[in-house]
Novice: 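Provided herewith is a single structure, encoded as structure tokens, for subsequent inquiry.
Here the structure is a predicted model, which means the values were calculated and not measured.
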Amino acid sequence: MVTGVGFCLPGRTEPVFTADDMWDVVSNGRSCLKRDEVYYGSVELTQAMFDERLPDVPPFFSQHYTPAHRFGLVSMAEATTDAGLAFCGGALSEAAILVGRGGVDSNVESYLSVLSADPGKTSAPDAMELFVAAQQAVTPSDVALVQAALTQSNGPCYTVSCGCASSAVQIGNARRMIAHGEVDVAVVTGVDVFNVHLIQNIQRLLSGAQQTYDALRTTDMPELLPSFTSLMRPYDRRADCINHGEGAATVIMESREHAARRGAHIYGQVLATAMTRDGLANPLACDETGTELVTAVRRCLGDRWRISDVPYVHGGSDGNVVVTAFEANAIKELYGADNDVLMTSQEGCFGHNGAPAGCLGVAMTLMMMERGQVCPTANCEQPADGLPFDPVPGVRPRPLDFDYALSFNYQVGGVKNAILLGSPEAV
């Protein structure tokens, strides 16, 4: 059972923290991306915002927090509040603390600071500061480390890193732990930071390389190198780019019995998960046929559920036409060419933020299910030709009463992850 959701994501005037904040953005198809040479979703979390939500974090540690630490802790604090659980004082002492991380941008500065330090010229206090910062920040387990310390959890605690599918995989791990009786509560967070200056420099490098690339391009290579200078438009005929963003999303998962004992509000259920890979030798490629995505969905459904029970799919499209192609082929194979399935993506709201995508997909889809509305695909105004699904273009939600949904996530290199979600009453 999902009993709490919390965020630390880009907003239009201030960050998105709560379920209501999230709904205000996604239900209206609003984009929180801003342009400064490239489009990017920046959280802009202030120290006052952090201190309001986590007032008692020891400064000896917090002064060395990276943005990833801060985003992850804030989203966890918001999710536990939403679930009616305290994140400190022992309330989560037996909970699993599971984190998904894809990027390492927030770790680089701490790593380089230690690497470049001169032991002969570094004072003892400065050396200790460098040591604490490095221990907290130089590995992908950075956020799990500080979350587990804050909750004083004795339960399972680990990080999964498989790009944009990271927190989706952790959702599956949490479901299995709870189903097998290992834990009653799991805190699942996805968090990533993409360095906007790095993206800007990549754009400059690629712009300079485009002319040479055009001269060397063969028939199996795309016409254009990636661009981040226009607005991402999933499922739109004008889609030609991806925009990145930063931030964190957390979901609280509990056993049905544990949630019932404390009278928790239930958003819905994680019924099944499955992950496959295209099996390609190219580490950056995806199979446009969508064959393995179909396999993941069918493993999720098993013999218990039918695809006709699922009228809505939360897509993982980031504006990349290759992603749209394999999603379209998969939907056609699963539902047939003539169907009325709705499939939307809200990546245009906050930018493609990597590891948070799995938790975001679960949270947003369950909120749609609870409210009986499917949110539009942000920035989709002119649907691409030949889509075998309705992407709900525009800026208004579509009424839909549904008890089952699928949520998709992908990693560069052909990983396909599918999650089957259900309303609290679904069986």
Novice: Donor-acceptor pair, distance only, cut-off 3.5 Å: does the side chain of N329 make one with the backbone of E288?
Specialist: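 Such a contact is found between N329 side chain and E288 backbone.
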Novice: Would you say that L54 contacts F87 through its side chain, given a criterion of any heavy-atom pair below 4.5 Å between the two side chains?
Specialist: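 Contact flag for L54/F87 side chains = yes.
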Novice: Given side chain to side chain contact (heavy atoms under 4.5 Å, CB included), test R304 with L271 step by step and report yes or no.
Specialist: CA-CA 11 Å; R304 186 171 181 180; L271 297 171; over 6 Å; no
Novice: Given N320 and Y410, is the side chain to side chain donor-acceptor pair (under 3.5 Å) satisfied, shown in steps?
Specialist: CA-CA 12 Å; N320 188 327; Y410 320 112; over 6 Å; no
Novice: Is any side-chain heavy atom of D21 closer than 4.5 Å to one of F7?
Specialist: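 Side-chain contact under 4.5 Å: no.
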Novice: Counting only heavy atoms not in M275 (residues, nucleotides, ligands), do more than 12 fall under 6.0 Å from its CE?
Specialist: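 No, CE of M275 has 12 or fewer neighbouring heavy atoms, counting only those of other groups under 6.0 Å.
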Novice: Applying salt bridge (Lys or Arg N to Asp or Glu O under 4.0 Å) to R298 and E333, what does each step give before you reach the verdict?
Specialist: CA-CA 11 Å; R298 287 177 174 161; E333 175 67 22; 3.7 Å; yes
Novice: With no hydrogens and no angle check, just 3.5 Å: does a side-chain donor-acceptor pair link S230 and D240?
Specialist: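 Their side chains do contain a donor-acceptor pair, which is all the 3.5 Å distance test asks for.
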Novice: Under the criterion side chain to side chain contact (heavy atoms under 4.5 Å, CB included), I'd like the reasoning laid out for F71 against V193: C-alpha separation, chi angles, the key distance, then a yes or no.
Specialist: CA-CA 9 Å; F71 297 162; V193 177; 3.9 Å; yes
Novice: Of all residues at least two apart in sequence or in a different chain, which pass the side-chain contact (heavy atoms from CB on, under 4.5 Å) check with A117?
Specialist: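 Scan of A117 (side-chain contact (heavy atoms from CB on, under 4.5 Å), adjacent residues dropped) gives T122, L130.
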Novice: Would you say T159 and S141 are linked by a side-chain donor-acceptor pair, where the criterion is simply a distance under 3.5 Å?
Specialist: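 Short answer, no.
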Novice: Within the structure provided, determine whether R277 and E292 are in side-chain contact (heavy-atom separation under 4.5 Å).
Specialist: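 Not touching, per the 4.5 Å side-chain cut-off.
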Novice: Compute whether any side-chain donor of one residue and acceptor of the other, for T289 and T291, lie under 3.5 angstrom apart.
Specialist: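 Distance-only check passes for T289 and T291.
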Novice: Is D118 atom CG crowded by more than 12 heavy atoms from other residues, nucleotides or ligands, each under 6.0 Å away?
Specialist: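 Result for CG/D118: enclosed.
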Novice: Less than 4.5 Å apart, side chain to side chain, heavy atoms only: is that true for T3 and H258?
Specialist: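 Result no, sub-4.5 Å side-chain heavy-atom pair not found.
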Novice: Near Y158 OH, under 6.0 Å, is it more than 12 heavy atoms from other residues, nucleotides or ligands?
Specialist: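 Check passes, neighbour count above 12.
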Novice: Can you label the angle between the H265 ring and the Y267 ring as parallel, tilted or perpendicular, going by 30° and 60°?
Specialist: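 The arrangement is perpendicular - the two ring planes meet at more than 60°.
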Novice: Return yes when atom NZ of K34 has more than 12 non-hydrogen atoms of other residues, nucleotides or ligands closer than 6.0 Å, and no otherwise.
Specialist: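 Yes - once you tally the heavy atoms of other residues, nucleotides and ligands closer than 6.0 Å, there are more than 12.
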Novice: State, with a plain yes or no, whether a side-chain heavy atom of L342 is found less than 4.5 Å away from one of F402.
Specialist: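 Contact flag for L342/F402 side chains = no.
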Novice: More than 12 non-hydrogen atoms from neighbouring residues, nucleotides or ligands closer than 6.0 Å to CD on Q63, yes or no?
Specialist: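 It does: Q63 CD has more than 12 such atoms within range.
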Novice: Just checking, any donor-acceptor pair under 3.5 angstrom between side chains of R101 and Q170?
Specialist: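 No, no side-chain donor-acceptor contact under 3.5 Å.
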Novice: Tell me which one of V74, L73, L45 satisfies side chain to side chain contact (heavy atoms under 4.5 Å, CB included) with R53.
Specialist: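 Running side chain to side chain contact (heavy atoms under 4.5 Å, CB included) over V74, L73, L45 with R53 returns exactly one hit, V74.
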Novice: Does the side chain of Y40 come under 3.5 Å of the side chain of Q200 through a donor N or O and an acceptor N or O?
Specialist: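 No - no donor-acceptor pair under 3.5 Å links their side chains.
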Novice: Check the side chains of T344 and Y312 for a donor-acceptor pair under 3.5 angstrom, ignoring hydrogens and angles.
Specialist: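 The answer is yes; a qualifying pair exists.
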Novice: Checking side chain to side chain contact (heavy atoms under 4.5 Å, CB included) against N353, which of D192, V191, L9 comes through?
Specialist: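 Between N353 and the candidates, side chain to side chain contact (heavy atoms under 4.5 Å, CB included) is satisfied uniquely by L9.
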Novice: Testing the 3.5 Å rule here: is there a donor-acceptor pair between the side chains of Q373 and S27?
Specialist: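 There is no such pair between these side chains.
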Novice: Can you confirm whether L360 sits close enough to M22 that some side-chain heavy atom of one is under 4.5 Å from a side-chain heavy atom of the other?
Specialist: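 They are in side-chain contact.
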